[in-house]
Protein chains: 2
Amino acid sequence: MDVAHSRVLEVGIPVACRSCQARHGVVCGALSNSQLRELGRHSLRRTVGAGCEIIAQGSESSSYSNIMRGVVKLCKVMPDGRQQIVGLQFAPDFVGRPFVRESTLSAEAATDAEICVFPCNLLDRMISEAPELQRSLHDQALKELDAAREWMLTLGRRTAGEKVASLLYLIATHAEPQTATSTDFDLPLSRAEIADFLGMTIETVSRQMTRLRKSGVIRIENFRHIIVPDMDELERMISA
Amino acid sequence: MDVAHSRVLEVGIPVACRSCQARHGVVCGALSNSQLRELGRHSLRRTVGAGCEIIAQGSESSSYSNIMRGVVKLCKVMPDGRQQIVGLQFAPDFVGRPFVRESTLSAEAATDAEICVFPCNLLDRMISEAPELQRSLHDQALKELDAAREWMLTLGRRTAGEKVASLLYLIATHAEPQTATSTDFDLPLSRAEIADFLGMTIETVSRQMTRLRKSGVIRIENFRHIIVPDMDELERMISA
DNA sequence: CGGGGCTTTGAGGCAACTCAATTCAGGTGG
DNA sequence: CCACCTGAATTGAGTTGCCTCAAAGCCCCG
């Protein structure tokens, strides 16, 4: 498809969608122009600060979202306060649990983020009308499942050092700016959040980070900014 | 739908399907009679012994399966031999990764099992032709994702004792015979497999089992048979 | 009865946790 | 501009829960 032709196709869609990060993402990329218009009519762009809760665990949610910018963490907490991050989502991912209203987890902005919110009912209806959309969401669900299972291996069988290396590698390969070498990036998570993702304590995370720093695998600037001189070296620390 | 009418509908389907455990499962329950006939023509019922590998990690698989009887475990192993079970599937679940041929995990019969095997190509084609089937598989994928995330919480944040209780509870609530109280069952897993599921060692599993036994929460007969006098008591050991 | 696999039990060690103190960066007000 | 405060991160010391290694018990099966 050439550029001029693609321009023409863009005419019929909502203005706000034309330059949207999620325009060709899981949901919107699978819609016809008329469906996109309908969804656009009922959707709301929202800017949320880091830490803002988008969906609360145990609540009835009536809306889904697309991530336009930023990182969202999916969390589960136990009654006694223990907490585990069970997924990280980056733009332009879809956030929500089709077909089920009550949420078994919370979704929270890990960084400042922009999201596009729309009603569950509308999307659920579109899903049953548009096989293309069903397929696309099915595909994201399967990818999330693959990622969850990969992470189960990390949680169950890797050492603290390997866990931290795994997370840094995950973030490096999903970081947004797509720098040439994807060799330096800002951590979207605090040490406490990293601990919650890896199933360990803040202190152990910190110790393992300084171990990686002292062994020259990474450099750390200002706590949040990580530089990886050699990605292969980092990958080797994961031992798989 | 009354019984007589339902009988009539059953006439057009393959003989082998009529009394099949998976007949109304994720895949076959979503097919029309003619699709069921076509799938039946290309499918193969197989009896496999405990320990038999159905799909190998890293291999190109060209077939999917339905579980008709038994339990299948999904496994990931690291190059150095460390191993993690990332999912358990019971009859009449579907086993396979739609849309992707190379498997990132292995599927292995945990108990003696009967499975119904059919070609990927055929089902993939049916998926794109039958929205009902796509929806059904999408639904199973989302349920597996929910289960995987629940298990991530167990792996990352629960103690050894809570982990064992979680597994016993999981199996009790998924056990096949559906005994009146679902209060006693055979473990489909050896101690080594339980350890691989929970991310711990055989010895720790054993110690936690005897701790549960001595505190009266469970009784153990012949290593594999578990009796739970009071399910609420077991649930309380999970502490969530 | 004797061997082999699986499970349990015991003793000791180590990796990760807990508790506590210190450092660091950024913001605020004098 | 500096003193102070606050929250996050690091570092240290001591403890503990789970792992490792080793031995013994149990059950099936020939």
Colleague: May I ask you to say whether B:Arg236 pairs ionically with B:Glu162, meaning some side-chain N is under 4.0 Å from a carboxylate O?
Modeller: no
Colleague: Kindly state which residues belonging to residues 202-224 of chain A come within less than 4.0 angstrom of DNA chain C, counting heavy atoms of the residue only, listed by number.
Modeller: A:Glu203, A:Thr204, A:Arg207, A:Asn222, A:Phe223
Colleague: So, B:Lys73 and B:Glu193, do they make that salt bridge, N to O below 4.0 Å?
Modeller: yes
Colleague: Could you check whether A:Glu144 pairs with A:Arg149 (Lys NZ or Arg NE/NH1/NH2 to Asp/Glu carboxylate O, under 4.0 Å)?
Modeller: no
Colleague: Please tell me which of A:Ser190 and A:Arg157 maps to the more 5' nucleotide of DNA chain D, matching each residue to the nucleotide holding its nearest heavy atom.
Modeller: A:Ser190
Colleague: Between A:Glu150 and B:Lys76, is there a side-chain N and carboxylate O pair less than 4.0 Å apart?
Modeller: yes
Colleague: Reckon B:Thr201 has a side-chain N or O less than 4.0 Å from the OP1 or OP2 of D:dC18?
Modeller: no
Colleague: Roughly how many Å is it from CZ in B:Arg191 to P in D:dC27, rounded to a whole number?
Modeller: 13 Å
Colleague: Over how many whole Å does the gap from B:His225 atom NE2 to C:dT7 atom C1' extend?
Modeller: 18 Å
Colleague: When the ring centroid of A:Phe99 is compared with that of B:His138, is the distance short of 6.0 Å?
Modeller: yes
Colleague: Assess whether a salt bridge exists between A:Asp146 and B:Arg97, defined as any Lys/Arg side-chain N lying under 4.0 Å from an Asp/Glu carboxylate O.
Modeller: yes
Colleague: Answer yes or no: is there an ion pair linking A:Asp196 with B:Arg157, defined by an N-O contact shorter than 4.0 Å?
Modeller: yes
Colleague: With a 4.5 Å limit on heavy-atom distance, are the side chains of B:Ser43 and B:Cys116 in contact?
Modeller: yes
Colleague: Where along residues 158-168 of chain A does a heavy atom fall under 4.0 Å from DNA chain C?
Modeller: A:Thr159, A:Ala160
